[in-house]
Amino acid sequence: MREKAPRSDLEGAMCVTSMNSVGASETTYRVWTDDPGSFSTQRITPMHHNFHEHPLFQVPELVRLGMELSKLDQCRFMNPDRTVASRLAHDSRPPDGRSIAEFFKRVEEPGSSVAFYNIEVIPRYQALLMSVVNSMRSLVEREQPDIFRVNGFVFFSAPPSVTPFHIDRENNFWLQLHGHKILNVWDHRDRSIVPAEAVEDFIVTQSLQKVRFNQAFLPRGLEFDAQPGDAVYFPSTSPHMTRSTADRAATPGGRLSISIGVTFYTASTRKVARIHQVNRLMRKCGMSPSYPSESPTADTAKSAVGGLVGACRARLGAARARFICMTSARRVKHAPPPGSY
């Protein structure tokens, strides 16, 4: 078992504790970094954790969680034929027609893959996700205050399996819980990997159309061969992808890889989302606005306007959607970017 590092005061006191099987002592579950002083929310950072030992993150409990989430339509299954360059697409039913129960009985079959979305809707897991973030809260909030909207996504995969190249809006603590997985991740500021207009498209419309993988990207990123107890922090919009490889299937615990992304927004991610939203409106008016971080003065003004735009768009859009739902079956997209208001 991985040796636990000495606890740092900087890492915060808000960690989950659990009695061991004989009730004689407590285990503290947390995420930590070897060098707390140099941690930055703007950099990809390899880390450690011991949440893979938590009772709620053992395979039987996670399968139970999956069965609960399936009733809420929050399990997404992935086609085994996809590659890292494929479009990021999930289906609400297993691709081979299995029932949910049968899928989990045979989840170790090669190529089986499922993602649990928004596990925070289950109260016992909501508390667990908060403990992941709270163990690093003081380090995050010295640069990015106001952590909010903590979400969790669990990924089961039986080698060979991949999660295609993509970006997310949130900051991410990515933890390997069981088995092995290879994570590739790139600097979110590297515009040779994902151009600025592609980031704006994704933030505002959730389109990944312009987020495309190229083999030439590999030397520019970081690759982590993760095992239980390994974790990686990466900032909002960091391009990333994962692979669980068949050559590890014969190793102990290698028939199933399980990881979790614990994502969250901050005042900083909210500001950037507001700027992107205002930029999109300006482009529709024929203007060429600066991208976030190119002009601090413009960023401040756009963020203020973006907050008002987002709030108004949410209220007016919701009212419009209600009216259309009463008169038409047509679906209307009305919400501003998540985490922007």
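Computed from a prediction, not measured in an experiment: that's the story for all the values here. Note that the numbering runs from 1 along the sequence shown for the chain.
- Using modelled atom types, one side-chain atom of N79 and one backbone atom of D81 make a donor-acceptor pair closer than 3.5 Å.
- Without hydrogens or angle criteria, Y125 side chain to L56 main chain gives a donor-acceptor distance under 3.5 Å.
- Not one N or O on the side chain of Q277 forms a donor-acceptor pair closer than 3.5 Å with the backbone of V272.
- Between the side chains of S113 and R82, at least one donor N or O lies within less than 3.5 Å of an accepting N or O.
- Between H240 and F234, the two ring planes are tilted [angle within 30° to 60°].
- Side-chain N or O atoms of T205 include none that pairs as donor or acceptor with a backbone N or O of F202 at under 3.5 Å.
- Using a 3.5 Å distance cut-off with no hydrogens or angles, the side chains of E143 and S40 do pair a donor with an acceptor.
- Between W186 and F165, a ring centre-to-centre spacing shorter than 6.0 Å is recorded.
- Between the D299 side chain and the S293 main chain, a donor and an acceptor come within less than 3.5 Å of each other.
- N151 places no side-chain N or O within 3.5 Å of a backbone atom of E120 that could act as its donor or acceptor partner.
- For the pair R106/P94, no side-chain contact is recorded, criterion being any heavy-atom separation below 4.5 Å from C-beta on.
- Note on ring orientation: taking the six-membered ring where Trp is involved, the planes of F104 and F116 are perpendicular (angle over 60°, cut-offs 30° and 60°).
- For the pair R169 and Y265, the NZ or CZ position fails the cation-pi test of under 6.0 Å to the six-membered ring centre and within 45 degrees of the ring normal.
- A salt bridge is defined here as a Lys NZ or Arg NE, NH1 or NH2 lying under 4.0 Å from an Asp or Glu carboxylate O, and R124 with E68 meets this definition.
- Between F77 and F103, the two ring planes are perpendicular [angle over 60°; tilted spans 30° to 60°].
- Under the 3.5 Å distance criterion, the side-chain polar atoms of R98 are left unmatched by any main-chain donor or acceptor of P95.
- At most 12 non-hydrogen atoms from other residues, nucleotides or ligands lie less than 6.0 angstrom from CZ of R93.
- Between P239 and V194, the shortest heavy-atom distance links the atoms CG-CG2, 3.6 Å.
- Applying the 6.0 Å contact sphere to CZ of R87 captures no more than 12 heavy atoms from other residues, nucleotides or ligands.
- Side-chain atoms of T266 and E141 include no donor-acceptor pair closer than 3.5 Å.
- The shortest side-chain heavy-atom distance between L129 and V133 does not fall under the 4.5 Å cut-off.
- For the side-chain contact (heavy atoms from CB on, under 4.5 Å) with I275, the qualifying choice from K302, R270, E200 is K302, the only one to do so.
- Looking only at side-chain heavy atoms (C-beta outward), M136 and H49 stay at 4.5 Å or farther from each other.
- Salt-bridge formation is detected for the pair R280/D201: a Lys NZ or Arg NE/NH1/NH2 atom is positioned less than 4.0 Å from an Asp or Glu carboxylate oxygen.
- Ring-plane geometry between F217 and F213 is classed as perpendicular, the angle between the planes exceeding 60 degrees on a 0 to 90 degree scale with a lower cut at 30.
- Judged by distance alone, the side chain of Q74 and the main-chain N or O of Y117 form a donor-acceptor pair under 3.5 Å.
- Under the side-chain contact (heavy atoms from CB on, under 4.5 Å) test applied with L69, the options V114, V121, N118, I100 reduce to a single match, V121.
- Looking at heavy atoms from C-beta onward, S257 lies out of side-chain contact with H178 at the 4.5 angstrom threshold.
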